[in-house]
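Hydrogens, waters and symmetry mates play no part in the numbers below; they use all other heavy atoms, side chains included. Keep in mind the model is a prediction, meaning the values are calculated, not measured. Start at 1 and go down the list; that is how both ligands and their atoms are numbered.
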Amino acid sequence: MTQSAQLYDISGDKMKLILDFPTIGEPHYAEAIPAELLSKNSTKIYKIEENHHPYVTKGEKEAKVERKGNEVHVYMSSIRSHFVPDNIEGVKLGDVVYFHVTNLEQDWDVPHGFAVKGANNAELLIMPGETSTLMWKPDRVGVFPFYCTDFCSALHQEMQGYIRISPANSNVPLTFSTGTNQPPIN
Ligand SMILES: [Cu+2]
């Protein structure tokens with residue numbers, strides 16, 4: 001599947017588009033086979049009810065953030081054009097964060113990506129109906145953006161959120177919210 005890609009420089013105050021380009025699968029180790037060997041087995045729509053991933057988030061109401069010792073598990077959903085939750089507070093330096101991102105899309109050609117600025121291990125590409133996990137060990141205190149890395153719609157650039165990493169000895173409670181820069185009041 002051809003995807004359009006954009007390369008941005010986000011080192012300054014304003015992000016700057018460096019390149020607009022289509023990407024296609026790289027041909028390394030490619031092999032040609034008759035299409036019918038694949039097409040009859042290909043799943044165009046992966047039903048969310050059939051997703052039995054242990055860390056699935058089947059709807060936005062199921063999204064949550066849980067602490068288990070020094071592990072923080074984020075059960076996150078993605079759909080055009082937002083993540084739920086998109087604002088996370090109370091993670092501390094020394095914690096290991098697991099983002100379990102479920103793509104709630106049911107259109108077969110709408111993958112979403114997921115990356116955290118400063119994470120240098122990987123990013124995710126999550127196909128419709130699927131769940132994938134990104135592990136991240138924050139290495140400093142600060143507010144880190146996370147964002148979709150696959151051009152998914154006209155509002156793709158808005159598909160982002162923030163996670164704050166507080167000092168190791170802080171007592172900021174673990175909270176999460178969506179569509180606001182304030183932690184929920186409760
Ligand atoms: Cu997206």
Side-chain angles (χ1 to χ4, degrees), residues 1-26 42-65 72-89 91 97-136 138 142-165 176-181:
M1 181 186 302
T2 305
Q3 299 288 343
S4 43
Q6 293 185 318
L7 185 62
Y8 278 88
D9 177 357
I10 56 172
S11 58
D13 283 345
K14 274 203 150 186
M15 54 186 210
K16 199 171 135 204
L17 177 65
I18 297 170
L19 189 62
D20 246 335
F21 56 104
T23 54
I24 51 172
E26 288 192 68
S42 89
T43 303
K44 288 231 160 158
I45 297 178
Y46 184 32
K47 292 191 186 122
I48 196 76
E49 316 84 75
E50 289 169 14
N51 180 332
H52 299 301
H53 193 285
Y55 295 101
V56 65
T57 301
K58 291 197 177 183
E60 295 185 349
K61 288 197 180 104
E62 290 185 15
K64 61 188 177 194
V65 182
V72 174
H73 291 267
V74 180
Y75 295 78
M76 182 179 278
S77 66
S78 66
I79 195 163
R80 284 162 288 174
S81 295
H82 59 280
F83 294 105
V84 175
D86 62 9
N87 185 15
I88 300 165
E89 302 267 351
V91 181
V97 185
Y98 293 85
F99 294 96
H100 309 292
V101 186
T102 300
N103 181 350
L104 296 177
E105 300 286 351
Q106 292 289 275
D107 275 344
W108 70 278
D109 62 345
V110 190
H112 287 292
F114 182 81
V116 187
K117 190 182 178 196
N120 50 20
N121 52 347
E123 62 176 60
L124 303 177
L125 180 67
I126 313 140
M127 299 308 286
E130 282 186 352
T131 304
S132 292
T133 297
L134 179 72
M135 186 268 285
W136 177 49
V143 175
F144 297 83
F146 52 81
Y147 44 93
C148 180
T149 49
D150 194 76
F151 194 94
C152 52
S153 75
L155 296 176
H156 166 69
Q157 314 304 346
E158 296 185 5
M159 199 160 172
Q160 57 178 290
Y162 295 91
I163 180 166
R164 184 192 304 277
I165 306 302
F176 57 96
S177 59
T178 307
T180 170
N181 58 6

- Task: Test Y55 against Y98 for ring pair (Phe, Tyr, Trp, His ring centres under 6.0 Å), laying out the working first.
- Result: CA-CA 10 Å; Y55 295 101; Y98 293 85; 7.9 Å; no
- Residues in side-chain contact (heavy atoms from CB on, under 4.5 Å) contact with D13, at least two apart in sequence or another chain: none
- Quick one: does V65's side chain get under 4.5 Å of V72's, heavy atoms only? yes
- F99 vs L124 side-chain heavy atoms within contact, under 4.5 Å: no
- Item | the Cu ion (ligand 1): protein N, O or S atoms that are less than 2.8 Å away, sorted by chain | H112 ND1, C148 SG, C152 SG, M159 SD
- Message: My understanding is that only residues two or more places apart in sequence, or in another chain, count here; which of them pass ring-ring contact (aromatic ring centres under 6.0 Å, His included) with Y162?
- Response: none
- All ring-ring contact (aromatic ring centres under 6.0 Å, His included) counterparts of F144, not counting sequence neighbours: W136
